[in-house]
Chemist: 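Before we start, here is the structure in question, set down as structure tokens.
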Amino acid sequence: MAVPRPLTVGLSTGPEKPYPLQMEGKVISGFGRGSRDLGIPTANLPVDYDSAPWLADIKSGVYFGWAALNLPPSHPNQPATTSPSSTTTAASGFSVYPMVMSIGRNDFYNNTVPSVEVHLLHHFEEDFYGVEMRLLITGFIREMRDYAGVDELIEDIKVDCDVALRSLDREAWALRETGKGTLDGSWLLRETAELE
Ligand code: ADP
Ligand code: MG
């Protein structure tokens, strides 16, 4: 049975410290554990403590926020079209999407590198392995749980997606750059420096 939980997380005044947290990298292959077969593909990012030192001691769990992708011109989802409403393509070539993500750490071995997996709340016609992805993590949704079966897991993730969408659909959580909110998303949409 799914545990009832609030439909939004966080205050109406916006993300609270230490959020929003940032990280970025190129999408890599995961374990191919079949998350796509569950209807929940997750774009994996390598962990880089230099650019995201906060990852070293953040707890495992489900988080949410905004993702930006720099899709190549050959990708069918680039340039972002009119639907769904939340994408914005900046001069830098990055488009933003709401996301839920898991940060998974085997807490038994406390110095293992966590895994970072991001499910973007958008339909993509094709994969985007190798594409530059930036994350603005606005808050924590829940801890990891054990499930009796895969249906319960999927049900819980659907609720996470709902919670993320509703939570991000508030003025102080929506991005200024999309014209729908006041949250500063300039880091997500900035131009990539020449030498990066
Ligand atoms: P892997 O184990 O390689 O991460 P997944 O089954 O989790 O495989 O699929 C992830 C891949 O699916 C991503 O790297 C990305 O290229 C693609 N993908 C397509 N749609 C989405 C989406 N909405 N969110 C995340 N990844 C997606
Ligand atoms: Mg994955």
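In each ligand, atom 1 is the first atom listed, and ligand 1 is the first ligand listed. For the single chain, residues carry numbers from 1 onward in sequence order. Bear in mind that the values here come from a model prediction, so they are computed numbers and not experimental data.
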Chemist: Test your reading of the model: is there a side-chain donor-acceptor pair from R145 to the backbone of D156, 3.5 Å cut-off?
Modeler: no
Chemist: Is the side chain of E125 donor-acceptor paired with the backbone N or O of P76 at a distance under 3.5 Å, no angle test?
Modeler: no
Chemist: What I want to know is whether S29 and ligand 1 share at least one N or O pair that is separated by under 3.5 angstrom.
Modeler: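 In this structure, S29 places no N or O atom under 3.5 Å from an N or O of ligand 1.
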Chemist: Using modelled atom types and a 3.5 Å cut-off, is there a donor and acceptor pairing between side-chain atoms of D127 and backbone atoms of Y129?
Modeler: no
Chemist: Could you list the donor-acceptor pairs under 3.5 angstrom formed by side chains in residues 12-23, with sequence neighbours left out?
Modeler:
from : atom 1 : to   : atom 2 : distance (Å)
Q22  : OE1    : W187 : NE1    : 3.4

Chemist: Considering the heavy atoms of G30, write down every atom of ligand 1 situated less than 4.0 Å from one of them.
Modeler: 1 (P), 2 (O), 3 (O), 4 (O)
Chemist: Which one holds for V27 and ligand 1: side chain close, backbone close, both close, or neither close, with close meaning a heavy atom under 4.0 Å?
Modeler: side chain
Chemist: Can you count the protein N, O or S atoms that lie less than 2.8 Å from the Mg ion (ligand 2)?
Modeler: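 Total protein N/O/S atoms under 2.8 Å from the Mg ion (ligand 2): 3.
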Chemist: Any nitrogen or oxygen of I28 lying under 3.5 Å from a nitrogen or oxygen in ligand 1? Just yes or no.
Modeler: no
Chemist: Is Y49 close to L55 at the side-chain level, that is, under 4.5 Å between some pair of heavy atoms?
Modeler: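 In short, these two side chains touch, coming nearer than 4.5 Å.
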Chemist: Looking at R170 and G10, would you say the former's side chain and the latter's main chain have a donor-acceptor pair under 3.5 Å?
Modeler: yes
Chemist: Is a side-chain N or O of E177 found less than 3.5 angstrom from the main chain of S186, in a donor-acceptor match?
Modeler: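 Between the backbone of S186 and the side chain of E177 there is a qualifying donor-acceptor contact (under 3.5 Å).
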Chemist: Is there a path from M144 to Y63 through hydrophobic residues (I, L, V, M, F, W, Y) whose side chains come within less than 4.5 Å of each other?
Modeler: no
Chemist: Under 4.0 Å, heavy-atom basis, I'd like to know which part of V118 is in contact with ligand 1: side chain, backbone, both or neither.
Modeler: backbone
Chemist: Determine, considering heavy atoms only, which of F128, Y97, F124 sits nearest to atom 27 (C) of ligand 1.
Modeler: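 Checking each option, the heavy atom nearest atom 27 (C) of ligand 1 is found in F128.
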Chemist: Among residues at least two apart in sequence or on other chains, which ones pass ring-ring contact (aromatic ring centres under 6.0 Å, His included) with F64?
Modeler: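 With sequence neighbours excluded, F64 shows a ring-ring contact (aromatic ring centres under 6.0 Å, His included) to W173, given in chain and number order.
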Chemist: Can you tell me which residue pairs pass the side chain to side chain donor-acceptor pair (under 3.5 Å) test with a partner in residues 158-169, sequence neighbours excluded?
Modeler: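 Checked against side chain to side chain donor-acceptor pair (under 3.5 Å) - neighbours excluded - the pairs reaching residues 158-169 are R5-D160, R142-D160.
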Chemist: Counting each atom of ligand 1 from 1 as listed, which ones have a heavy atom of H122 under 4.0 Å away?
Modeler: 23 (N)
Chemist: Enumerate the atoms of ligand 1 whose separation from the nearest heavy atom of N44 is less than 4.0 angstrom.
Modeler: 4 (O)
